[in-house]
Amino acid sequence: MAEFSLGPDFERFQRDMQEQMGDLTKMKEAIEAAVGRGEAADGRVVAEYRSEGGLTRLDLDPRAMRLSSAELSEEIRTAVNAAAQDFQKKAREASTSMFNVPDDPSKGMDPAKALASLDKIANGFAGQMRTLAHELGVQQQRAKEAMDNYKGPGSPNGPR
């Protein structure tokens with residue numbers, strides 16, 4: 001009996017998709033593990049920011065409580081904003097290789113390059129799905145022909 005195979009194109013597609021999913025998983029894990037940290041008031045106000053939960057930690061040294069409420073409020077905003085920016089930097093670093101984001105944040109992310117990367121992935125997927133659909137059609141036709149040509153006991157074409 002012949003071994004059933006969807007062909008080398010499908011096997012290549014499967015390997016490519018596993019690799020891409022692995023890359024996406026690594027990027028997701030790196031972003032989830034990233035912790036942005038910000039300080040203000042000479043280190044007396046410390047904030048941490050994560051993908052899950054946003055602001056996850058805010059430490060106020062007792063000396064920070066000596067500030068006026070307006071000053072303390074401003075120092076807290078400064079620390080939280082610094083933590084959020086630090087987190088964004090770390091998230092950008094995690095996605096640099098996948099979406100061709102420049103290492104220099106002042107250059108910003110090139111949306112065209114990011115979209116081109118996504119388009120490349122999507123087009124590769126669509127092409128492989130067309131190949132898979134074609135190969136499945138070929139295998140279905142082969143199975144139909146095999147059934148039509150079957151000459152075993154009880155078959156319409158076989159001995160009785």
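Residue numbers run from 1 in the order of the sequence given.
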Task: V46 side chain reached by R37 side chain, heavy atoms, under 4.5 Å - done: yes
Task: E52 CD: over 12 foreign heavy atoms closer than 6.0 Å - done: no
Task: Q88 side, atom CD; E93 side, atom CD - distance, nearest 0.5 Å - done: 12.0 Å
Open item on the list: Nearest 0.5 angstrom please: D42 CG to R63 CZ, how far?
Closed with: 8.5 Å
Open item on the list: Run the salt bridge (Lys or Arg N to Asp or Glu O under 4.0 Å) test against E32 and tell me which residues pass, sequence neighbours left out.
Closed with: K28
TODO: Mind checking the CD-OH spacing from Q85 to Y49? Nearest 0.5 Å is all I need.
DONE: 11.5 Å
Open item on the list: Between L60 and M65, is the side chain to side chain contact (heavy atoms under 4.5 Å, CB included) condition met? List the steps.
Closed with: CA-CA 8 Å; L60 302 175; M65 303 306 284; 4.2 Å; yes
Task: Polar side-chain atom of K90 near backbone of G36 as donor-acceptor pair, under 3.5 Å - done: no
Check: residues 72-80 side-chain donor-acceptor pairs under 3.5 Å, at least two apart:
residue, atom, partner, partner atom, Å
S73, OG, R77, NH1, 2.9
E74, OE1, R77, NH2, 2.7
E75, OE1, A41, N, 2.9
T78, OG1, E74, O, 2.9

Task: Gap between atom CZ of F87 and atom OG1 of T56 - 0.5 Å precision - done: 10.0 Å
Task: Donor-acceptor pair, side chain of D86 and main chain of A82, under 3.5 angstrom - done: no
Open item on the list: Please report the interatomic distance CZ(R50) to CG(L55), rounded to the nearest 0.5 Å.
Closed with: 11.0 Å
